[in-house]
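Before any comments, here is the structure.
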Amino acid sequence: MTIHNSEIAAAFDRLADLLEIEEANPFRVRAYRNAARTVGGYSRSMADMVDKGEDLTELPEIGKDLAQKITTMVKTGKLPLLKEVESRTPGALSDLMKIEGLGPKRVKTLYKQLHIRSIEDLKRAARNGKIRELEGFGEKTEELIKQRLERFSGAEQRTKLLVAQEIATALVDYLTKGKGVKNVIIAGSYRRCKETVGDLDILLTARQDSTVMKRFVDYDEVAEVISRGKTRSTVRLRSGMHVDVRVVPDVSYGAALHYFTGSKAHNIAVRTLGVKKGYKINEYGVFKNDKRIAGKTEQEVYDTVDLPYIEPELRENRGEIEAAKNHKLPRLITLKQIRGDLHAHTKASDGHHSLKQMADAAAQLGYEYLAITEHSQHVTIANGLDKRRLLQHIKAVDKLNEQLENITLLKSIEVDIMDDGSLDLPDSVLQKLDLIVCSIHYNFNLPRQKQTERILRAMDNPNFNILGHPSGRLINERDAYDVDLEKVMQGAKERGCFLELNAHPDRLDLTDDGCLLAKQLGLKVAIATDAHSTSDLEFMRFGIGQARRGWLEADDVINTRPWDELKQLLKRN
DNA sequence: GCCGTTTTCGGCCCGACTGTTTTCAGTCG
């Protein structure tokens, strides 16, 4: 039983919560939270690294002690210190801290005064009006806790980027029309292109006399005003999304944008660099002895700490500061550099539009090529193609290509990888295609080793080019199947195959960590939309966002190349 | 508990808003 990074991170977070309730050294608490973030967001599995005897103290925020604790967790599945702390302080108190408005101090008071040790206990106490009687609490606080308990589900709900975008653009449009409003920009994890966002951070600059804050809380999608001030307000929308709006003066725009874009870890790192140079960096600017020396643009902020501009997608404190110092920042791929899409369906299987419609839409985006990758016969639910229909399909593509002027359709297929690692169509017909995407659509639950071997065996077939949606996960819906991604990547590299970064906003598969890992291993990826309609082709931008988060450059991505170059690249050894 | 082109000890980012208070603690981002 291998322990996942997320489980190690969860244990450290829980430990941090409990230590905070016990009023331990706040910096020690933070060390555990930092470690949780490092481990939870790391591209390689701690279990693998321990197995290989690698030095975990090389990781940021991991010292001797934490390296030891991680090793223990990998070997035994347990964190003895957590057990010890839980013997004094009930572990479920950590769950209480997930309720908005409850932090360590209040949870401690609830526990000590009312013996509340679980969500159920808290619900009962709130119902019975016990909470308002506590010192530091009151009627209003009790009422808020009650309301938030009703909505509390336990799991943190994050919104997929596409949905967030729909909500955000409507709100931005509304705010932009406010009196005296100058700039409106969405910052936070949205700007960093995270695959899901927790809440929306909207930054705006406005004239002194602007009434935009009132306009914001009056927005007809607002379900609850959580806080309202002159420079900052927070609401919950009917969709459940929380939105923060902050207003700053023009001279602070860059500093504020930098601060509200985050990530928190990146901000702390930059501010610490500032402190070392005798500066104070906050959302209003960079200050030396209370005198503002920078802050109108983000570039100015980075200038003060002697760093080049760092793109938002890189700001996770995963090495971008060091890379910036050493002038080793990647030149991140952009949407414009993409020359074609390598994964799309038409009516022939489960898509909504015809070959011609898809070709026209792709040409409209300025693409030079589009691979038509219908499902294969095994995926009956998607009307997958058998040998006969695939041959017809090849003819249809050839015929249409004769008419098309600005774009070439690539003859292709998304062929299923069977349980035994064979492909769902005979080699004799696969050989006739320009490019082959191979995917898993059934039997997600194989044990790790079997799943890994299944994919590697499939790659042994010389027709295999690209592994489609490599982990099979659906964001917020279905976990990735258990597979040794590093082995798969190494296998792909050795055989001259590639992995897809599926750009569909429900998938975004590879993850950003997956992209980083591929880059480290020297494996190139294909960014492709898995479009089932003409408008889906525009999902490419989400894939680009994810790729940028994974430090990918144009050279790391195969479909930045013209078709004749790409064709050479696809040739197996 | 981590970290070090000032340090192996002594630092560790910074400000807004709320509710409960009469000046501030707690929470959040």
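Side chains are part of it too, since the values below use all heavy atoms of this structure and drop only hydrogens, waters and symmetry mates. Letters A, B, ... mirror the listed sequences (proteins, then strands); counts begin at 1. The structure displayed is predicted, hence computed values, not measured ones.
Taking a heavy-atom distance under 4.0 Å as the criterion, the stretch of DNA chain B touched by chain A extends 5' to 3' from B:dG1 to B:dG29.
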> Given A:Thr196 and A:Arg158, is the side chain to side chain donor-acceptor pair (under 3.5 Å) satisfied, shown in steps?
Replying inline: CA-CA 6 Å; A:Thr196 59; A:Arg158 293 183 64 88; 2.9 Å; yes

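Judged purely by distance below 3.5 Å, without hydrogens or angles, the side chains of A:Thr57 and A:Asp55 pair a donor atom with an acceptor atom.
Within the nucleic acid shown, A:Ile99 comes within 4.0 Å of sugar-phosphate atoms alone, with no base atom in reach, counting heavy atoms only. Backbone-only engagement by A:Pro104 is indicated by non-hydrogen atom pairs under 4.0 Å involving sugar-phosphate atoms exclusively. Residue A:Arg232 is in base contact, counting any heavy-atom pair closer than 4.0 Å across all strands shown. Nucleic acid contact for A:Glu139: sugar-phosphate only, since backbone atoms but no base atoms lie under 4.0 Å from a heavy atom of the residue. Nucleic acid contact for A:Lys69: sugar-phosphate only, since backbone atoms but no base atoms lie under 4.0 Å from a heavy atom of the residue. Heavy atoms of A:Asn25 sit under 4.0 angstrom from at least one base atom.
If you check residues 256-266 of chain A against DNA chain B, the residues with a heavy atom closer than 4.0 Å are A:Tyr259, A:Lys264, listed by number.
Rounded to whole Å, the P atom of B:dG19 lies 46 Å from the corresponding atom of B:dT6.
A salt bridge between A:Arg315 and A:Glu320 is absent, with no side-chain N of the basic residue lying under 4.0 Å from a carboxylate O of the acidic one.
Judged by distance alone, the side chain of A:Thr205 and the main-chain N or O of A:Asp250 form no donor-acceptor pair under 3.5 Å.
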Show every donor-acceptor pair shorter than 3.5 Å between a side-chain atom in residues 71-79 of chain A and any protein atom, with sequence neighbours excluded, or say none if there are none.
residue : atom : partner : partner atom : Å
A:Thr71 : OG1  : A:Ala67 : O            : 2.8
A:Thr72 : OG1  : A:Gln68 : O            : 2.9
A:Thr76 : OG1  : A:Thr72 : O            : 2.8
A:Thr76 : OG1  : A:Lys78 : N            : 3.1
A:Thr76 : OG1  : A:Lys78 : O            : 3.4

